[in-house]
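Just the heavy atoms: all of them, side chains too, but no hydrogens, waters or symmetry mates, feed the values below. If you're wondering where the values come from, they're calculated on a predicted model, not measured in any experiment.
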Amino acid sequence: MTAYRCANPAFSPPAPRRTGMPAILPALALLALLLPGCGKILDPGAPITQVLLAARMPAPAQGKALPYQLVVSQPVAGSDIAGDRIAGLMHGYEVRYLDSAKWSARVPDMLQRLLVDSLEAANVLAGVGTDESGLDPQIRLSTDITRFYLLYGQPGKPPVAEVSFRARLTDLRSGTALGNTFVEAAQPSAGETPQELIAAFSMAVSRALAKNSEWVAATLSAIPPKK
């Protein structure tokens, strides 16, 4: 029989495997009630709070905007981080989700909005939007999210918020790939309250957005002007 201990009561533990011995289940339920910090597994508690991820936008660039309109595709993400749950990565392989809060939108939708907002704030392009924005775009930004976790690495220490994605720029008129890069950022959390965890995520995402905006501007600036 596999026993689970609540190493971090802020996260939902993984579901125990079926053992084929139903009589053991009542005992496990009683054990969960008796262990400190584990009783909340069976207690629905307060409603889950929806969290809006507020990131710091890049400062506007000096000079004239580049003469391109760009659309941001919806980012691609694995099933473990493609929903609205706030994910924690334990031991480098075990994914758990925060009990008390969740994102206000799915992670790909949320990151797409932030990418659009950050590129608009950077003021480096003539227009930025999504496929539904009604633009006449020449450029597409595509992203694959590789990490959007609270990484628990050292026992007894708060986690690190890690955000990373692969980004690609494509010329929509010719189908030519203009460039690709890997964007990553991390921010240690000051503690383990939901507020501190979300603040760490905000800082990590803000840095990732700034790096992406700088890369987009540098890549498109290097395109030779059409004669």
Side-chain angles (χ1 to χ4, degrees), residues 53-85 87 89 92-93 95 103 105-149 151 160-187 201-227:
L53 183 58
R56 184 177 64 250
M57 293 292 106
Q62 302 297 320
K64 188 177 179 180
L66 297 170
Y68 302 112
Q69 295 194 47
L70 178 147
V71 289
V72 179
S73 297
Q74 185 180 81
V76 176
S79 59
D80 54 336
I81 53 175
D84 60 2
R85 304 292 301 276
L89 186 62
Y93 62 87
V95 179
W103 300 121
R106 296 172 58 251
V107 169
D109 295 334
M110 186 168 58
L111 184 58
Q112 182 185 34
R113 174 185 61 81
L114 290 170
L115 287 167
V116 170
D117 290 349
S118 61
L119 287 169
E120 283 186 332
N123 194 34
V124 295
L125 298 165
V128 183
T130 64
D131 286 311
E132 294 76 29
S133 300
L135 298 175
D136 182 23
Q138 300 89 19
I139 310 294
R140 178 176 297 279
L141 173 65
S142 305
T143 53
D144 298 320
I145 306 172
T146 54
R147 287 210 164 202
F148 211 89
Y149 298 113
L151 179 62
V160 176
E162 288 197 351
V163 175
S164 64
F165 54 87
R166 296 184 180 90
R168 298 179 301 281
L169 287 172
T170 305
D171 184 329
L172 292 176
R173 305 298 168 88
S174 65
T176 304
L178 300 174
N180 61 81
T181 191
F182 183 72
V183 177
E184 60 182 339
Q187 174 64 38
F201 254 123
S202 295
M203 290 297 296
V205 170
S206 297
R207 293 193 183 106
L209 294 174
K211 291 179 180 180
N212 179 74
S213 295
E214 291 172 2
W215 171 73
V216 168
T219 301
L220 297 183
S221 296
I223 299 177
K226 292 185 178 180
K227 296 181 180 179

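Shown here are the salt bridge (charged side-chain N to carboxylate O under 4.0 Å, His left out) partners of D117, two or more places apart in sequence or in another chain: R113. Looking at residues two or more places apart in sequence or on another chain, you find no salt bridge (charged side-chain N to carboxylate O under 4.0 Å, His left out) involving R166. In terms of the side chain to side chain contact (heavy atoms under 4.5 Å, CB included) criterion, residue partners of Q112 (sequence neighbours excluded) are, by chain and number, V72, Q74, P75, T130. Residues that satisfy the side chain to side chain contact (heavy atoms under 4.5 Å, CB included) test with S221, not counting sequence neighbours, are L66. Residues satisfying the ring-ring contact (aromatic ring centres under 6.0 Å, His included) criterion with F165, sequence neighbours excluded, are absent altogether.
A donor-acceptor distance shorter than 3.5 angstrom exists from the side chain of R106 to the backbone of A82, with no hydrogens or angles considered. Q138 places a side-chain N or O within donor-acceptor distance of the main-chain N or O of Q69, the cut-off being under 3.5 Å. Under the 3.5 Å distance criterion, the side-chain polar atoms of T146 are matched with a main-chain donor or acceptor of S164.
We find the CG-OG1 distance between N180 and T143 to be 13.0 Å, quoted to the nearest 0.5 Å. Between atom CG of residue L178 and atom OG1 of residue T170 there is a gap of 6.5 Å, rounded to the nearest 0.5 Å. Between the CD atom of E120 and the CG atom of L125 there is a distance of 10.0 Å, given to the nearest 0.5 Å. Between L111 atom CG and I145 atom CD1 the span is 4.5 Å, to the nearest 0.5 Å. To the nearest 0.5 Å, atom CD1 of residue I139 and atom CD1 of residue I223 are 5.0 Å apart.
Within the 4.5 Å cutoff, side-chain heavy atoms of L89 are placed close to those of R147. Between D84 and M110 the shortest side-chain heavy-atom distance does not fall below 4.5 Å.
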message: Would L169 and L70 count as a side chain to side chain contact (heavy atoms under 4.5 Å, CB included) here? Give the steps.
response: CA-CA 9 Å; L169 287 172; L70 178 147; 3.8 Å; yes
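Minimum heavy-atom separation, I81 to V107: O-CB, 3.2 Å. Contact record, S73 with R140: OG-NH1, 2.7 Å, taken as the closest heavy-atom pair. Contact between D109 and A105 at its shortest, heavy atoms only, is CB-CB, 4.5 Å. Taking every heavy atom of both residues into account, D80 and A87 meet most closely at O-CB, 4.3 Å.
Ring geometry, F201 versus F148: the interplanar angle falls under 30°, so the pair is classed parallel (tilted spans 30 to 60°).
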Listed pairs under 3.5 Å, donor-acceptor, residues 204-219 side chains, sequence neighbours left out:
| unit_1 | atom_1 | unit_2 | atom_2 | d |
| --- | --- | --- | --- | --- |
| S206 | OG | R56 | N | 2.7 |
| S206 | OG | S202 | O | 2.7 |
| R207 | NH1 | A186 | O | 3.2 |
| R207 | NH1 | Q187 | OE1 | 2.7 |
| R207 | NH2 | Q187 | OE1 | 2.9 |
| K211 | NZ | E184 | O | 2.7 |
| S213 | OG | L209 | O | 3.1 |
| W215 | NE1 | T219 | OG1 | 3.1 |
| T219 | OG1 | W215 | O | 2.8 |

